[in-house]
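A quick write-up on the structure given underneath.
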Amino acid sequence: MAVLSNKPQEFTRLCVERLLPRWRFATVVGAGAALPRKPDPTGALCIASEFGVSAERILYLGDTNTDMQTAVAAGMYPVGALWGFRTRDELLASGARALVERPADVLRLIER
């Protein structure tokens with residue numbers, strides 16, 4: 001698992017560290033001078049490369065239209081998180097191929 005955010009790198013790292021201490025993320029990437037901001041797919045593709053996995057084998061979970069656009073641009077499988085602050089319709093219109101109501105719902109998508 002990885003985190004890709006448009007929030008500043010240090011803030012993103014701190015949020016993950018403090019809010020998600022029970023989960024292990026292989027990489028946490030926030031905004032910085034080295035990468036363009038989402039929906040540019042560069043950050044997502046860098047993560048795929050770091051994992052040694054082709055983009056089309058990655059499930060990209062996000063709660064915004066920007067996340068869905070990023071996943072589509074990167075050739076990843078876009079999944080909209082309905083517990084975020086965007087609507088079902090907005091996520092679907094932005095490219096979500098699946099929607100999940102709670103984190104555990106992601107498991108049914110990766111068990112295929």
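This chain uses plain numbering: 1 for the first residue, then up along the sequence.
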Practice problem: State which residues pass side chain to side chain donor-acceptor pair (under 3.5 Å) with Gln9; sequence neighbours excluded, sorted by chain then number. | Solution: none
Quiz item: Would Trp23 end up clustered with Val16 when hydrophobic side chains under 4.5 Å apart are linked, directly or stepwise?
Solution: yes
Practice problem: Answer with yes or no whether the side chains of Asp67 and Thr64 bring together a donor and an acceptor at under 3.5 Å. | Solution: yes
Self-check item: Taking every non-hydrogen atom, the tightest pair across Leu45 and Ala74
Solution: CD2-O, 3.5 Å
Quiz item: Just how far is it from atom CG of Leu91 to atom CG of Leu82, taken to the nearest 0.5 Å?
Solution: 6.5 Å
Quiz item: Which heavy atom of Gly43 sits nearest a heavy atom of Leu4, and at what distance?
Solution: C-CD2, 3.9 Å
Quiz item: Within a strict 4.5 Å, meaning less than it, do heavy atoms of the Val3 and Val29 side chains meet?
Solution: no
Practice problem: Rounded to the nearest 0.5 Å, what's the gap from CZ on Arg57 to CZ on Phe51? Could you check? | Solution: 13.0 Å
Quiz item: Rounded to the nearest 0.5 Å, what separation is found between the CD atom of Glu10 and the CD atom of Glu17?
Solution: 8.5 Å
Exercise. Would you give the length of the straight line joining atom NZ of Lys38 to atom CG of Asn6, rounded to the nearest 0.5 angstrom?
Key: 5.0 Å
Quiz prompt | Set of side chain to side chain donor-acceptor pair (under 3.5 Å) partners for Ser49, sequence neighbours left out | solution = none
Practice problem: Apply side-chain contact (heavy atoms from CB on, under 4.5 Å) to Val79 and Tyr60, showing your working. | Solution: CA-CA 6 Å; Val79 177; Tyr60 188 114; over 6 Å; no
Quiz item: So how far is it from Ile47 CD1 to Ile58 CD1, rounded to the nearest 0.5 Å?
Solution: 8.0 Å
Quiz prompt | Smallest separation among heavy atoms of Arg37 and Ala31, with atom names | solution = NH1-CB, 4.0 Å
Quiz prompt | Whether over 12 other heavy atoms sit under 6.0 Å from Phe11 CZ | solution = no
Practice problem: For Gly95 and Pro78, work out which heavy atoms get closest and say how close. | Solution: O-CG, 3.1 Å
Quiz item: Does any non-hydrogen side-chain atom of Cys46 lie less than 4.5 Å from one of Leu35?
Solution: yes
Quiz item: To the nearest 0.5 Å, how far apart are CG in Leu14 and NZ in Lys7?
Solution: 14.0 Å
Quiz item: Do Phe25 and Leu20 have side-chain heavy atoms sitting under 4.5 Å apart?
Solution: yes
Quiz prompt | Side chain to side chain, Arg18 and Arg13, heavy atoms closer than 4.5 Å | solution = no
Self-check item: 4.5 Å side-chain heavy-atom contact, Arg97 and Tyr77
Solution: yes
Practice problem: For the residue pair Arg102 and Asp105, establish whether any side-chain heavy-atom pair is separated by less than 4.5 Å. | Solution: yes
Practice problem: Might you point out which heavy atoms bring Gly62 and Met68 nearest each other, and give the distance in Å? | Solution: O-CE, 3.5 Å
Practice problem: Can you sort out the partners of Val106 under side-chain contact (heavy atoms from CB on, under 4.5 Å), two or more places apart, ordered by chain and number? | Solution: Leu59, Leu61, Val100, Ile110
Quiz prompt | Distance-only donor-acceptor check, side chains Asp40 and Thr42, under 3.5 Å | solution = yes
Practice problem: Specify the closest pair of heavy atoms between Glu101 and Trp83, including all atoms of both residues, with the distance to one decimal. | Solution: O-CE3, 3.4 Å
